[in-house]
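What you are looking at is a predicted structure, and each value in this text was computed from that prediction instead of being measured. These numbers come from the heavy atoms of this one structure, side chains and all, not from hydrogens, waters or symmetry mates.
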Amino acid sequence: MLQISTKVIIPDSEIEISAIRSQGAGGQNVNKVSTAIHLRFDIQASSLPDFYKEQLLKLKDRRITQEGIVVIKSQEHRSQEQNREEALRRLQELIKSAVAVKIKRKPTKPTRNSQKKRLDRKSKRGELKSMRRNITE
């Protein structure tokens with residue numbers, strides 16, 4: 001069971017987890033033990049609220065296929081259990097980030113004091129450069 005918020009919970013039956021062999025170098029275990037985790041989650045067939053589904057499907061994320069299936073592969077850790085927890089944590093973060101309310105930025109104007117300081121700096125810089133010039137009489 002994966003808890004997204006206080007009211008939204010995903011049952012384990014909706015998350016398909018399979019163990020696969022990790023890629024890369026790994027010594028003796030690499031060819032024997034399947035420690036990497038391949039997680040698949042079908043957004044359309046899930047029990048998530050419709051708002052969550054819509055927001056997830058709107059996301060432009062490489063982990064979400066065109067069919068609306070989230071695919072996460074975890075192979076950072078040496079143990080299968082740690083990789084499983086990592087994959088579930090990533091799924092949880094993905095869903096939370098999709099429904100997070102994004103605060104719209106209010107455009108602001110520079111304050112009068114900041115404008116004055118900027119102009120003072122510019123004029124001082126100009127004076128400094130003019131002092132460097134050769135004086136010809």
Side-chain angles (χ1 to χ4, degrees):
M1 200 163 61
L2 185 65
Q3 183 140 7
I4 305 301
S5 68
T6 54
K7 296 180 182 178
V8 179
I9 296 172
I10 301 173
D12 289 335
S13 59
E14 293 180 4
I15 302 170
E16 181 186 324
I17 295 177
S18 56
I20 56 174
R21 290 197 182 135
S22 291
Q23 293 176 326
Q28 295 175 346
N29 265 359
V30 75
N31 295 324
K32 296 188 223 168
V33 184
S34 299
T35 55
I37 293 294
H38 199 257
L39 180 143
R40 293 174 65 86
F41 176 70
D42 191 352
I43 298 169
Q44 300 287 0
S46 69
S47 61
L48 284 174
D50 290 335
F51 174 71
Y52 279 67
K53 289 180 185 180
E54 289 170 15
Q55 295 300 317
L56 274 171
L57 292 171
K58 279 184 195 175
L59 276 182
K60 299 280 188 243
D61 196 303
R62 61 181 174 80
R63 296 173 289 186
I64 302 174
T65 64
Q66 289 180 342
E67 294 81 35
I69 297 173
V70 179
V71 179
I72 296 174
K73 184 178 178 185
S74 176
Q75 61 180 12
E76 289 99 38
H77 304 285
R78 290 179 127 184
S79 78
Q80 192 179 98
E81 187 57 36
Q82 284 180 317
N83 282 328
R84 183 180 180 279
E85 289 171 9
E86 177 70 16
L88 289 170
R89 186 190 61 75
R90 283 196 221 157
L91 176 64
Q92 186 179 30
E93 280 181 8
L94 178 69
I95 295 171
K96 281 183 178 180
S97 71
V99 294
V101 179
K102 288 148 185 90
I103 300 168
K104 190 171 181 182
R105 181 187 171 276
K106 293 178 188 171
T108 58
K109 293 180 180 175
T111 62
R112 191 173 292 153
N113 193 32
S114 68
Q115 288 176 337
K116 186 178 180 304
K117 282 182 184 177
R118 184 180 134 266
L119 293 174
D120 288 345
R121 278 196 307 264
K122 283 171 71 85
S123 60
K124 281 183 184 175
R125 186 76 181 154
E127 285 175 27
L128 182 83
K129 288 185 172 189
S130 66
M131 300 276 270
R132 290 187 197 144
R133 290 189 194 137
N134 291 335
I135 301 171
T136 55
E137 290 182 24

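- Put simply, the side chain of Lys117 does not reach to within 4.5 Å of the side chain of Ser114, judged on heavy atoms.
- Considering only heavy atoms from C-beta on, Leu2 stays 4.5 Å or farther from Ile9 through its side chain.
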Take Arg90 and Ser74 through the test side-chain contact (heavy atoms from CB on, under 4.5 Å) and record every step on the way to the result. CA-CA 9 Å; Arg90 283 196 221 157; Ser74 176; 3.8 Å; yes
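- Of all non-hydrogen atoms in Glu76 and Asn83, the two that sit nearest each other are N-OD1, 3.3 Å.
- Remark: Arg89 engages Glu86 in a salt bridge, criterion side-chain N to carboxylate O under 4.0 Å.
- Hydrophobic clustering keeps Ile64 apart from Ile69 (ILVMFWY residues linked when any side-chain heavy atoms are closer than 4.5 Å, directly or through intermediates).
- Gln3 places a side-chain N or O within 3.5 Å of a backbone atom of Ser5 that can act as its donor or acceptor partner.
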Practice task
Test side chain to side chain donor-acceptor pair (under 3.5 Å) on Ser130 and Glu127 and set out the steps.
Solution key: CA-CA 5 Å; Ser130 66; Glu127 285 175 27; over 6 Å; no
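- When all heavy atoms of Ala19 and Gln80 are compared, the closest pair comes out as CB-NE2, 3.3 Å.
- Ile37 and Ala87 get closest at one heavy-atom pair: CG2-CB, 4.1 Å.
- Interatomic distance, Lys96 NZ to Leu91 CG, rounded to the nearest 0.5 Å: 11.0 Å.
- Gln92 has its side chain within reach of Ile4: a pair of non-hydrogen atoms, C-beta onward, lies under 4.5 Å apart.
- Panel note: side chain Ser123, backbone Leu119; a donor-acceptor pair is recorded below 3.5 Å.
- The closest side-chain heavy-atom distance from Ile17 to Asp12 is not below 4.5 Å.
- Every residue meeting the side chain to side chain contact (heavy atoms under 4.5 Å, CB included) condition with Ile20, not counting sequence neighbours, appears here in chain and number order: Ala36, His38, Lys73.
- Between Ser34 and Arg21, the shortest heavy-atom distance links the atoms OG-CG, 3.8 Å.
- Across all their heavy atoms, Arg78 and Thr35 have their closest contact at O-CG2, 3.1 Å.
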Exercise for the section: Evaluate the criterion side-chain contact (heavy atoms from CB on, under 4.5 Å) for residue pair Ile95 and Ile10; output intermediate values, then yes/no. Expected result: CA-CA 11 Å; Ile95 295 171; Ile10 301 173; 3.5 Å; yes
Taking distance alone, no hydrogens or angles, what donor-acceptor pairs closer than 3.5 Å link side-chain atoms of residues 54-63 to residues at least two apart or in another chain?
| residue | atom | partner | partner atom | Å |
| --- | --- | --- | --- | --- |
| Asp61 | OD1 | Arg63 | N | 2.9 |
| Asp61 | OD1 | Arg63 | NE | 3.0 |
| Asp61 | OD2 | Arg63 | NH2 | 2.9 |

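- Salt bridge status for Asp120 with Lys116: present, with a side-chain N to carboxylate O gap under 4.0 Å.
- Counting heavy atoms from C-beta on, the side chains of Leu48 and Phe41 come closer than 4.5 Å.
- Under the 3.5 Å distance criterion, the side-chain polar atoms of Glu14 are left unmatched by any main-chain donor or acceptor of Ala45.
- Closest approach of Ala98 and Lys102 over heavy atoms only: O-NZ, 4.2 Å.
- Residues Val71 and Leu39 are not in side-chain contact: their nearest non-hydrogen atoms beyond the backbone lie 4.5 Å or more apart.
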